[in-house]
Amino acid sequence: MEIKELISKEKIEKRIEELAEEISKDYEGKSIEFIVVLKGAAIFAVELAMKVKPNVRFDFIEISSYSGTESTGVLKVNKDLKADIEGKDVLIVEDIIDTGRTLSYLKDYLRSKKPNSLRICTLVNKPSRRIIDVPIDYNGFDIEDKFIVGYGFDIDGDYRNMPYIGYIEKI
Ligand code: IMP
Ligand code: MG
């Protein structure tokens with residue numbers, strides 16, 4: 001299996017700085033509740049949080065819909081939140097928005113817990129694959145329909161620690 005570079009480490013770092021700047025302005029004087037979607041968004045969330053100026057609190061949720069490279073379309077919460085997010089300013093931190101199923105499910109789920117505000121930040125977006133429309137507040141990169149690995153992205157759990165984003169031609 002050959003992995004080709006799609007987005008370099010330098011480009012990712014620079015873009016995260018820009019996103020952090022935007023988020024810092026929008027949340028000035030507030031505390032941000034990061035809801036990190038495990039496991040893919042963990043690396044991105046850490047890098048982003050350290051570049052954001054307002055106070056950041058962390059909580060984690062794990063939702064799965066994938067097996068290999070194809071969506072099963074079935075979603076479930078594997079690991080639930082610990083924090084009470086009622087009245088909080090919540091920012092969902094995602095690795096990628098593909099069909100939009102995960103995010104729309106998660107948004108409805110979190111909205112029911114009555115946060116003060118609820119926004120979405122994703123490192124990568126694959127607009128051509130969208131099935132359910134979800135508005136994105138902060139978007140790192142739009143990419144073509146390629147299966148990516150590295151910088152948190154995996155294929156069956158592997159390659160998450162690659163420091164850049166690569167893609168797989170064929171598996
Ligand atoms: P969605 O529900 O179809 O939007 O899927 C989002 C989830 O699918 C992401 O959180 C990823 O875990 C996974 N995913 C989608 N595309 C890729 C990819 O190219 N590489 C690795 N994981 C992906
Ligand atoms: Mg994910």
Side-chain angles (χ1 to χ4, degrees), residues 1-9 11-13 15-16 19 23 32-49 56 58-82 85 90-113 115 118-171:
M1 190 171 74
E2 207 196 329
I3 298 171
K4 293 183 180 159
E5 184 174 288
L6 185 67
I7 310 170
S8 70
K9 183 174 182 278
K11 267 199 188 144
I12 299 169
E13 278 166 8
R15 188 70 187 113
I16 294 178
L19 291 173
I23 290 167
I32 318 170
E33 200 76 28
F34 269 27
I35 303 289
V36 182
V37 188
L38 293 173
K39 305 179 178 79
I43 291 175
F44 170 46
V46 167
E47 293 295 320
L48 182 68
V56 172
F58 276 87
D59 204 353
F60 302 91
I61 193 163
E62 187 176 310
I63 295 168
S64 58
S65 70
Y66 266 73
S67 159
T69 56
E70 285 306 312
S71 173
T72 60
V74 183
L75 293 169
K76 65 179 173 88
V77 175
N78 285 340
K79 232 181 244 131
D80 208 347
L81 300 175
K82 280 264 167 63
I85 58 166
V90 170
L91 183 63
I92 301 172
V93 183
E94 239 311 13
D95 52 1
I96 189 166
I97 306 178
D98 187 28
T99 63
R101 282 196 188 105
T102 307
L103 243 300
S104 84
Y105 174 86
L106 184 58
K107 236 188 150 179
D108 288 347
Y109 178 69
L110 296 179
R111 209 181 272 125
S112 72
K113 297 179 182 293
L118 183 60
R119 288 186 183 169
I120 293 172
C121 177
T122 188
L123 179 60
V124 177
N125 179 34
K126 272 191 210 173
S128 66
R129 296 256 310 164
R130 200 72 89 251
I131 290 170
I132 302 175
D133 186 42
V134 267
I136 310 171
D137 302 283
Y138 308 97
N139 178 21
F141 301 94
D142 275 345
I143 64 161
E144 294 168 45
D145 184 13
K146 285 182 164 36
F147 195 83
I148 57 172
V149 292
Y151 214 91
F153 294 99
D154 72 304
I155 177 156
D156 288 336
D158 293 323
Y159 305 111
R160 290 194 198 274
N161 63 320
M162 274 174 25
Y164 62 91
I165 295 175
Y167 70 96
I168 296 165
E169 207 68 274
K170 205 169 165 62
I171 337 152

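We count ligands from 1, going down the list as the structure has it; atoms in each ligand are counted the same way. Values reported hereafter were calculated over all heavy atoms of this structure, with side chains retained and with hydrogens, waters and symmetry mates removed.
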For this session: Applying side-chain hydrogen bond (donor to acceptor under 3.5 Å, both in side chains), name anything that partners Asn161, two or more places apart in sequence or on another chain.
Result: none

For this session: Could you pull out, from Tyr159, Phe147, Tyr105, the option with a heavy atom nearest to atom 21 (C) of ligand 1?
Result: Phe147

For this session: Run the numbers for me: atoms of ligand 1, each under 4.0 Å from some heavy atom of Lys126, listed by number.
Result: 16 (N), 17 (C), 18 (C), 19 (O)

For this session: Please say whether Ile148 places an N or O atom under 3.5 Å from an N or O atom belonging to ligand 1.
Result: yes

Exercise. So is Lys146 actually on top of Tyr167's ring, under 6.0 Å and inside 45° of the axis?
Worked result: yes

Exercise. If you count the atoms of ligand 1 from 1 in the order shown, which ones are under 4.0 Å from a heavy atom of Arg101?
Worked result: 2 (O), 4 (O)

Exercise. Given Ile96, Leu38, Val37, Leu106, which has its nearest heavy atom closest to atom 9 (C) of ligand 1?
Worked result: Ile96

Problem set entry | Non-hydrogen atoms of Pro163 and Ile12 that approach each other most closely | O-CD1, 4.3 Å

Exercise. Taking the non-hydrogen atoms of Gly100, is any one of them nearer than 4.0 angstrom to ligand 1?
Worked result: yes

Exercise. Near Lys146, which atoms of ligand 1 are under 4.0 Å from a heavy atom of that residue?
Worked result: 19 (O)

Problem set entry | Element-labelled atoms of ligand 1 that are located less than 4.0 Å from some non-hydrogen atom of Glu94 | 10 (O)

Exercise. Where the side chain of Asn125 meets the backbone of Phe141, is there a donor-acceptor pair that is under 3.5 Å apart?
Worked result: no

Exercise. Ligand 1 versus Arg129, non-hydrogen atoms closer than 4.0 Å: side chain, backbone, both, neither?
Worked result: neither

Exercise. Relative to atom 12 (O) of ligand 1, which among Ile63, Asp98, Asp95, Val124 owns the nearest non-hydrogen atom?
Worked result: Asp95

For this session: Might you point out which heavy atoms bring Ile63 and Tyr105 nearest each other, and give the distance in Å?
Result: CD1-CD2, 4.1 Å

For this session: Pull out every atom of ligand 1 sitting under 4.0 Å from any heavy atom of Thr102, numbered as shown with elements.
Result: 1 (P), 2 (O), 5 (O), 6 (C)

Exercise. Does the side chain of Ile97 come within less than 4.5 Å of Arg130's, by heavy atoms?
Worked result: yes

Exercise. If you measure from each non-hydrogen atom of Ile131 to ligand 1, which part falls under 4.0 Å: side chain, backbone, both or neither?
Worked result: neither

Exercise. Hey, does Met1 have a side-chain heavy atom less than 4.5 Å from the side chain of Ile168?
Worked result: yes

Exercise. Is Arg129 salt-bridged to Asp98, cutoff N-O under 4.0 Å?
Worked result: yes

Problem set entry | Element-labelled atoms of ligand 1 that are located less than 4.0 Å from some non-hydrogen atom of Asp154 | 21 (C)

Problem set entry | Residues in side-chain hydrogen bond (donor to acceptor under 3.5 Å, both in side chains) contact with Tyr159, at least two apart in sequence or another chain | none

